[in-house]
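Working notes for the structure below.
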Amino acid sequence: QVQLVESGGGLVQAGGSLRLSCAASGSTFFSTLVLGWFRQAPGQEREFVAGITRSDGTSFADYADSVKGRFTISRDNAKNTVYLQMNSLKPEDTAVYFCAADQQGLVHRIRYRRYEYGYWGQGTQVTVSS
């Protein structure tokens, strides 16, 4: 069982930056988890933002087209934490951001869909004003 707690959300001006953090705890090794970030705007479905995994000691990441080039996902296994660095923020980025985790498995791949994650944080609000 894994518990996830997000932090770092807030109100920023368009063009600004935020870094979200998600700390993991529980009865599993953090290094065995595949991790992701999703977001949900009012009246919208929760959508994939970024994901990261590991393969032979190397982390691989992928992003939604809407955030590619602006957001960076990273993980620090020593701190049991996954981050989402968000630069050049736009009003369209306004949403509740959730981190998610699941067991890596033998095939180290990015997981893009909500049902592929068994553990979720409570969410943190990001609001971008113009």
Side-chain angles (χ1 to χ4, degrees):
Q1 187 146 320
V2 178
Q3 295 81 46
L4 304 172
V5 180
E6 303 98 333
S7 62
L11 173 64
V12 298
Q13 290 277 332
S17 298
L18 282 175
R19 188 178 75 160
L20 306 183
S21 300
C22 175
S25 62
S27 59
T28 189
F29 294 105
F30 185 81
S31 60
T32 69
L33 299 176
V34 60
L35 301 159
W37 287 94
F38 290 73
R39 67 187 182 186
Q40 188 166 19
Q44 304 295 315
E45 293 188 1
R46 192 173 301 181
E47 65 176 355
F48 172 83
V49 175
I52 191 167
T53 188
R54 292 187 65 86
S55 180
D56 296 329
T58 302
S59 296
F60 299 91
D62 198 16
Y63 305 88
D65 288 342
S66 59
V67 308
K68 197 166 295 183
R70 300 188 296 120
F71 290 11
T72 303
I73 186 173
S74 62
R75 64 190 296 165
D76 187 335
N77 291 333
K79 298 183 182 296
N80 290 352
T81 301
V82 60
Y83 304 95
L84 185 68
Q85 178 67 47
M86 305 185 294
N87 299 327
S88 302
L89 283 162
K90 306 174 181 179
E92 307 94 272
D93 296 318
T94 295
V96 177
Y97 283 71
F98 300 87
C99 68
D102 208 280
Q103 296 298 320
Q104 187 90 223
L106 266 57
V107 178
H108 294 189
R109 63 175 178 86
I110 301 294
R111 301 189 185 187
Y112 298 93
R113 298 181 178 90
R114 289 172 290 175
Y115 64 79
E116 294 183 287
Y117 293 90
Y119 308 105
W120 292 87
Q122 82 288 349
T124 185
Q125 177 71 47
V126 172
T127 302
V128 184
S129 64
S130 57

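For clarity, every value in this text was computed on a predicted model and none was experimentally measured.
To the nearest 0.5 Å, the span separating CG on Asn80 from CZ on Arg75 amounts to 9.5 Å. Here Gln85 contributes atom CD and Ile73 contributes atom CD1; the two are 12.5 Å apart, rounded to the nearest 0.5 Å. Rounded to the nearest 0.5 Å, atoms CZ (Arg19) and CE (Met86) are 11.5 Å apart. The OH atom of Tyr97 sits 15.0 Å away from atom OG of Ser7, with the distance rounded to the nearest 0.5 Å. For the atom pair CG (Asp62) and CZ (Arg109), the distance works out to 12.5 Å, reported to the nearest 0.5 Å.
Contact of the Asp102 side chain with the Glu116 side chain is not registered, since no non-hydrogen atoms from C-beta on lie closer than 4.5 Å. Two residues are said to be in side-chain contact when any heavy atoms from C-beta on lie closer than 4.5 Å; Gln125 and Leu11 fail this criterion.
Here the side chain of Thr94 pairs a donor or acceptor atom with the backbone of Val128 at under 3.5 angstrom. Judged by distance alone, the side chain of Glu6 and the main-chain N or O of Gln122 form a donor-acceptor pair under 3.5 Å. With Arg39 contributing its side chain and Ala95 its backbone, the two residues share no donor-acceptor pair below 3.5 Å.
Paired with Leu35 under the rule side-chain contact (heavy atoms from CB on, under 4.5 Å), one option of Ile52, Thr81, Leu84 passes, and it is Ile52.
The ring pair (Phe, Tyr, Trp, His ring centres under 6.0 Å) analysis of residues 31-53, with sequence neighbours excluded, yields the pairs Phe38-Phe48, Phe38-Tyr117, Phe38-Trp120, Phe48-Tyr112.
Between Asp93 and Lys90 there is no salt bridge, since no side-chain N of the basic residue sits under 4.0 Å from a carboxylate O of the acidic one.
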